[in-house]
Each structure stands twice: as structure tokens, then as C-alpha cells.
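Just so we're clear, the structure is a prediction, and the values are computed from it rather than from any experiment.
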Amino acid sequence: MNPMQSAGRRLMILAQDLVLYIVGLATLILIGEEVWTMIDNRAVELADILLLFIYLEVLAMVTLYLESGKLPVRMPLYITIVALARYLILDMKEMDNLRMLIVASAALILALTVLVIRYGHLKFPYSRGDG
């Protein structure tokens, strides 16, 4: 790798880490705001807990990426499944049957996708050189 490519690679890694720290900080701010809202309302609802789980998954994803430099495909899928469940729970009364079925089907498809990916990792693991 020539010096220009090496410098460019270091710059991209630095930019990537900077953005990850910004995402982590923004997530921490959102967690603080959500906790403050629960304290202010003097009530904790299921929607609040599910939102905190989404934030927790985002933080775990950022931490994992910073520690290992790798992002498992399953992490964003978990976040999306929880977000769809939260959407279903909060807006179920206003949804028609078709929309409810579509959202539930999307969550099921994502869950099956996680199973397929997990099965693939167990049955066909990466060799040491593949990452």
C-alpha cells in the first residue's frame, strides 16, 4: 500500500470512529431525555421501555463496532424488530387489519432472517483469513 492509500485509509478510520462517537453521544442524550420524560410524567409505559431497548441496542452496536471493527448484520435486525414491535404496540388501535398484518409479517421475516444468518454462521463458519 502506497503512502497516499495508507493516509487515506487512516483518515477514513478516523472519520468512522468520530461518527461512531457522535452516534453514541447522541444516543446517550436521547436516553437521558427519555428518562427525564419518565421522571417528569411520573409514569413508565411499555413504549418507554421499548424505546430504551432500542437505544440500548444502538449503544451495544456502537460499542461492538468500536471494540472489534466489525458490525454483525444481526444487530440492526434486532433493532428493527424491536422498532416494529414498538410501532405495533403503540399504533395498534389506529391501524387497519392489513397494515397490522404487514408490520407483523415484516417482523416475522426479519426474525426468520436472523435465524438463517445464525444458522449460516454455525454451519458455515468463517475461516481465520475471511474475517
Side-chain angles (χ1 to χ4, degrees):
M1 186 178 309
N2 69 38
M4 187 71 139
Q5 286 176 327
S6 180
R9 187 177 189 314
R10 283 194 306 269
L11 180 63
M12 290 297 110
I13 290 171
L14 179 66
Q16 176 181 301
D17 287 349
L18 177 64
V19 172
L20 282 169
Y21 282 116
I22 291 170
V23 169
L25 180 62
T27 305
L28 289 172
I29 291 169
L30 288 169
I31 289 170
E33 288 178 359
E34 184 63 25
V35 169
W36 183 257
T37 300
M38 288 186 295
I39 291 170
D40 197 38
N41 292 340
R42 293 189 177 110
V44 178
E45 297 179 7
L46 182 60
D48 301 324
I49 294 170
L50 290 172
L51 189 58
L52 287 174
F53 269 115
I54 292 171
Y55 294 152
L56 183 63
E57 284 293 327
V58 170
L59 277 180
M61 187 170 58
V62 168
T63 302
L64 182 66
Y65 197 81
L66 285 171
E67 287 176 353
S68 70
K70 297 176 185 173
L71 179 64
V73 174
R74 289 178 288 161
M75 298 278 298
L77 294 175
Y78 295 144
I79 294 169
T80 307
I81 291 168
V82 173
L84 285 171
R86 183 178 186 274
Y87 175 62
L88 256 178
I89 291 167
L90 294 180
D91 295 340
M92 189 178 293
K93 291 178 183 170
E94 290 84 31
M95 280 188 204
D96 59 12
N97 291 339
L98 180 62
R99 179 167 293 218
M100 224 182 310
L101 183 63
I102 290 170
V103 173
S105 297
L108 178 63
I109 290 168
L110 289 170
L112 292 173
T113 302
V114 169
L115 286 175
V116 168
I117 290 170
R118 183 71 181 130
Y119 177 79
H121 284 166
L122 289 175
K123 282 294 192 183
F124 310 105
Y126 293 121
S127 63
R128 281 195 165 265
D130 292 343

| request: Decide yes or no on side-chain contact (heavy atoms from CB on, under 4.5 Å) for L14 and L18, but give the supporting numbers first. | output: CA-CA 6 Å; L14 179 66; L18 177 64; 5.7 Å; no
| Run the side-chain contact (heavy atoms from CB on, under 4.5 Å) check on L115 and L112 step by step: do they pass? | CA-CA 5 Å; L115 286 175; L112 292 173; 4.3 Å; yes
| Is any side-chain heavy atom of N97 less than 4.5 Å from a side-chain heavy atom of L101? | no
| query | Hey, quick one: are W36 and V44 part of the same hydrophobic cluster, counting side-chain heavy atoms closer than 4.5 Å, chains of contacts allowed? | reply | no
| task | For the residue pair Y55 and L52, establish whether any side-chain heavy-atom pair is separated by less than 4.5 Å. | result | yes
| According to a 4.5 Å side-chain heavy-atom criterion applied to Ile, Leu, Val, Met, Phe, Trp and Tyr, with indirect links allowed, do V35 and L30 form part of one hydrophobic cluster? | yes
| request: Check the hydrophobic clustering (I, L, V, M, F, W, Y; side-chain heavy atoms under 4.5 Å; chains of links allowed) and say if L51 and L28 are grouped together. | output: yes
| Taking atom CZ of F53 and atom CG of L56, what is their separation to the nearest 0.5 Å? | 7.0 Å
| query | Should V58 and L25 be regarded as members of a common hydrophobic cluster, given that ILVMFWY residues are connected when their side-chain heavy atoms come within less than 4.5 Å of each other, either directly or indirectly? | reply | no
| remark: Rounding to 0.5 Å, atoms CD (Q16) and CG (L66) come to a distance of 8.5 Å
| message | Between D91 (side chain only) and E94 (backbone N and O only), is there a donor and an acceptor less than 3.5 Å apart? | response | no
| request: Might you work through the side-chain contact (heavy atoms from CB on, under 4.5 Å) test for V62 and T27, ending with a clear yes or no? | output: CA-CA 10 Å; V62 168; T27 305; 5.8 Å; no
| request: Could you tell me whether E45 atom CD has more than 12 heavy atoms of other residues or ligands within 6.0 Å of it? | output: no
| request: Could you check if a side-chain atom of I13 sits within less than 4.5 angstrom of a side-chain atom of D17, using non-hydrogen atoms only? | output: yes
| field | From D48 atom CG to N41 atom CG, the distance as rounded to the nearest 0.5 Å | value | 7.5 Å
| Should I54 and R86 count as side-chain neighbours, where that means a heavy-atom distance under 4.5 Å? | yes
| request: Report the C-alpha distance between E57 and V82 in whole Å, list the side-chain angles of each, state the deciding distance to 0.1 Å, and finish with yes or no for side-chain contact (heavy atoms from CB on, under 4.5 Å). | output: CA-CA 9 Å; E57 284 293 327; V82 173; 5.5 Å; no
| message | Please determine whether residues Y21 and V19 belong to a single hydrophobic cluster, defined as Ile, Leu, Val, Met, Phe, Trp and Tyr linked transitively by side-chain heavy-atom distances below 4.5 Å. | response | yes
| request: Taking the side chain as every heavy atom from C-beta outward, state whether L90 and L50 have any atom pair closer than 4.5 Å. | output: no
| Within a radius of less than 6.0 Å around CG of N2, do more than 12 heavy atoms belonging to other residues, nucleotides or ligands occur? | yes
| query | Should side-chain heavy atoms under 4.5 Å link Ile, Leu, Val, Met, Phe, Trp and Tyr, which residues sit in the same cluster as L110? | reply | V73, L77, Y78, I81, L84, Y87, L88, M92, M95, M100, V103, V114, I117
